[in-house]
Amino acid sequence: MKVRVRFAPSPTGYLHIGGARTALFNWLYARHTGGKFILRIEDTDAARNSREAVEVILQGLRWLGLDWDEGPLTGEVTGPYKGDFGPYFQSQRQLQYQQRVEALLSKGLAYEKEGAIRFKMTREPILIRDLVVGDVLRPLTDREEADPDFVIQRSDGQPVFHLVNVIDDLEMNITHVIRGEDHLSNTTKHLALFKAFGVPAPHYAHIPLILNSDGTKMSKRDRGAALNTYWEEGFLPEAVINYLCLLGWSPKDNREKIPLQEAVDRFDLIQILRHNARFDYEKLLWLQGEYARELTDDRFYELAVAAFTRAGYDTRSCPLDYLKAALDTCRGKFRLFSELPNYAGFYFKDTLEYDPVAAAKEFTPDNKTRLQLLLQNLTSLNPFPAAEVEAKLKSTAAQLGVKVGVLVHPTRLALTGQSSGPSLYHLMEVLGRERTLVRLEKALARF
RNA sequence: GACCCUAUGGUCUAGCGGUUAGGACACCUCCCUUUCACGGAGGUAGCCCGGGUUCGAUUCCCGGUAGGGUCGCCA
């Protein structure tokens, strides 16, 4: 039988990083097996339902490159979708749920109480055969012992999660349910429902959760919990995907950087680890740097401009040659695109603010004399290529009898306002003779 | 409270009935260098605890501890 897996998020207004990994593992398994990856929106709770909330999920998956074979095409609940098992919004499948509830009632497997419909739950322990966790025999808890049955339809007529989840998996012919381990205990309910419907249950694979770096549960407000913050901060989707692959799964060959296609080739459910993983932002950043260095020029420019725009810079109004030359000096020097405006904003500003700590250290009487000489020597340089600038800077240092660094640091501060940045000689070439001289003069006035 | 899952450096992990327990991130030192970053060379740091099985347990079993999860007319 062809593998059919699904990712079934609830539209809560954001896509949790753990949810993203669940989607990724489902997607990997579908692509690995040549099966189908289905997106289904669990919007049974009308209060949470909004088009925007669904769009957040769709955008997140699209950004990561996790394309779905069946599911909604827009966030509109009654909108277009692809696949033969739709609609893919639970709110649009009320009829199916009604019929199933009727069936259970007529078979005596469910009953009404105080307006709600309750399912007659088995009293016996249920065996869960999990592909990741192994065989789990789960008896009832003490509370369940006291009242084992559970509500499948609220008194207002709305079906409840456990019910709709099972019915949809059943009717969409889902073969493998890959979901967070937080559902492991609930699986007995689902197994009992499948049995009541007289159909075999899908295979289950409960994957461990992602925790905060301090080991606590990652909730909505925790740093890094919402997927959209990653693209807002300038992360690359390939870095995020790669990192997520590494949480709970390993290619087992001591490599960390895994091309997606290779993950697809090698992924399997039984290799998934059984313990929770803590989210390590630093390691994600490292992978980000790895991928950032490999970007094509065009993509690099595009992401860089987006970052500047987001930070309020109008880079589009400056000459393309200048823009590209400026960005070229930044390649490989930073990891997150959100760092870029601070790193290289000096290219696009008329007035610099000097880092006060660096200014106190570099804008000294001794350095004033030195920069004045440098300014004088540079004035004669025209044109202004990096190699010539470098030679001039070094000869000036020699003339002053100081190491090059002594001259470099105040010069960098004068030209960029900062104590670190792109290669000084190259950024001077990009700024050009005029800007460089003006900035040196302005800085000298501050001494 | 009951039930379930889990346990290799700070973090992600590889691994095994006998290994100098491997890799990566982070951290520290040094080299390279105009700063930063990259790169290169080193380094600190680990099998949760207690029993049992065994000639021998990090590895298998049991117990404890710790962490996580579930027990909703939330999903």
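First the proteins, then the strands, lettered A, B, ... as listed; each starts at 1.
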Within the 4.0 Å heavy-atom criterion, would you say A/Leu393 contacts the bases, only the backbone, or no part of the nucleic acid? nothing
For A/Gly134, answer base if it contacts any base atom (sugar-phosphate contacts may also be present), sugar-phosphate if it contacts only those atoms, and nothing otherwise; contact means non-hydrogen atoms under 4.0 Å. nothing
Side-chain heavy atoms of A/Phe279 within contact of A/Tyr243, under 4.5 Å: yes
What is the ring orientation for A/Phe119 with A/Phe150, classed by angle as parallel under 30°, tilted 30 to 60°, or perpendicular over 60°? tilted
A/Tyr230 and A/Leu236: CA distance, side-chain angles, deciding distance, side-chain contact (heavy atoms from CB on, under 4.5 Å) verdict: CA-CA 8 Å; A/Tyr230 292 93; A/Leu236 297 166; over 6 Å; no
Between B/C25 (P) and A/Lys257 (NZ): distance, integer Å: 13 Å
I'd like the P distance from B/A21 over to B/A45, given in whole Å. 14 Å
May I ask you to decide if the ring planes of A/His162 and A/His190 are parallel, tilted or perpendicular, using 30° and 60° as cut-offs? tilted
For nucleotides B/U19 and B/C47, find the distance between their C1' atoms and express it as a whole number of Å. 13 Å
Using the P atom on both, measure B/C27 against B/A66 and round to a whole Å. 32 Å
Give one of base, sugar-phosphate or nothing for A/Ser250, where a contact means two heavy atoms less than 4.0 Å apart. sugar-phosphate
Interface polar pairs with nucleotides 60-70 of chain B, N/O, under 3.5 angstrom:
unit_1	atom_1	unit_2	atom_2	d
B/G68	O2'	A/Asn276	ND2	2.9
B/G69	N2	A/Ser185	OG	3.3
B/U70	O3'	A/Asn186	OD1	3.4

Rounding to an integer number of angstrom, what distance separates B/C61 and B/U53 when you compare their P atoms? 16 Å
So A/Leu287, base contact, sugar-phosphate only, or nothing? Heavy-atom distance under 4.0 Å. nothing
Inter-nucleotide C1' distance (B/U44, B/G9), Å rounded: 10 Å
Pick the C1' atom in B/C28 and in B/G10, then give their distance to the nearest Å. 14 Å
Using a 4.0 Å heavy-atom cut-off, does A/Arg143 contact any base of the nucleic acid, only the sugar-phosphate backbone, or nothing at all? base
Listed pairs under 3.5 Å, donor-acceptor, residues 342-349 of chain A side chains, sequence neighbours left out:
unit_1	atom_1	unit_2	atom_2	d
A/Tyr343	OH	A/Gly421	O	3.2
A/Tyr347	OH	A/Thr329	OG1	2.6

Hey, does A/Leu393 have a side-chain heavy atom less than 4.5 Å from the side chain of A/Met428? yes
Quick check: on RNA chain B, is the nucleotide nearest A/Pro139 upstream (toward 5') of the one nearest A/Lys113, or the reverse? Name the residue that is more 5'. A/Pro139
Base of B/A14, side chain of A/Lys252 - is there a donor-acceptor contact under 3.5 Å? no
Residue-phosphate contact under 4.0 Å: A/Thr44 side-chain N/O, B/A75 OP1/OP2: yes
Once you apply a heavy-atom cut-off of 4.0 Å, does A/Phe150 come out as touching a base, just sugar-phosphate, or nothing? nothing
Does B/U19 have a Watson-Crick or wobble partner in any strand here, with both distances under 3.5 angstrom, and which is it? none
Mind checking A/Lys333 for me? I need base, sugar-phosphate or nothing, with any heavy atom below 4.0 Å counting as a touch. base
Would you mind reading off the distance between A/Gln153 atom CD and B/C73 atom P, rounded to a whole angstrom? 14 Å
Locate the shortest heavy-atom distance separating A/Phe300 from A/Cys330; write the atom from each residue and the value. CZ-C, 4.4 Å
Between B/C73 and B/C16, how far is it from one P atom to the other, in whole Å? 46 Å
A/Phe161-A/His183 aromatic ring centre distance below 6.0 Å: yes
Polar-atom pairs under 3.5 Å, protein N or O versus N or O of nucleotides 27-34 of chain B: list them with distances, or write none.
unit_1	atom_1	unit_2	atom_2	d
B/U34	O2	A/Arg412	NH2	2.9
B/U34	N3	A/Leu424	N	3.3
B/U34	O4	A/Ser423	OG	2.6

Flag the pair A/Thr122 / A/Pro148 as yes when at least one side-chain heavy-atom distance between them is below 4.5 Å, and no otherwise. no
Mind listing the closest non-hydrogen atom pair of A/Pro410 and A/Phe363 along with its distance? O-CE2, 4.0 Å
Identify whether any heavy atom of A/Ala116 sits under 4.0 Å from a base atom; if not, whether one sits that close to sugar-phosphate; answer base, sugar-phosphate or nothing. base
Have a look at A/Arg335 and say if it touches a base, only the backbone sugar-phosphate, or nothing, with a 4.0 Å heavy-atom cut-off. sugar-phosphate
Examine A/Phe334 together with A/Phe337 and report whether their ring centres are nearer than 6.0 Å. yes
Counting only Watson-Crick pairs (N1-N3 plus N6-O4 or O6-N4) and G-U wobbles (N1-O2, O6-N3), all under 3.5 Å, who is the partner of B/U70? B/A2
What's A/Arg255 touching, base or sugar-phosphate or nothing? Going by heavy atoms closer than 4.0 Å. nothing
Mate of B/C25 across any strand shown (Watson-Crick or G-U wobble, both atom pairs under 3.5 Å) is B/G10
Using both distances under 3.5 Å as the test, list the Watson-Crick or G-U wobble partner of B/U54, or none. none
Provide the distance between the two P atoms, one in B/U59 and one in B/U8, to the nearest whole Å. 12 Å
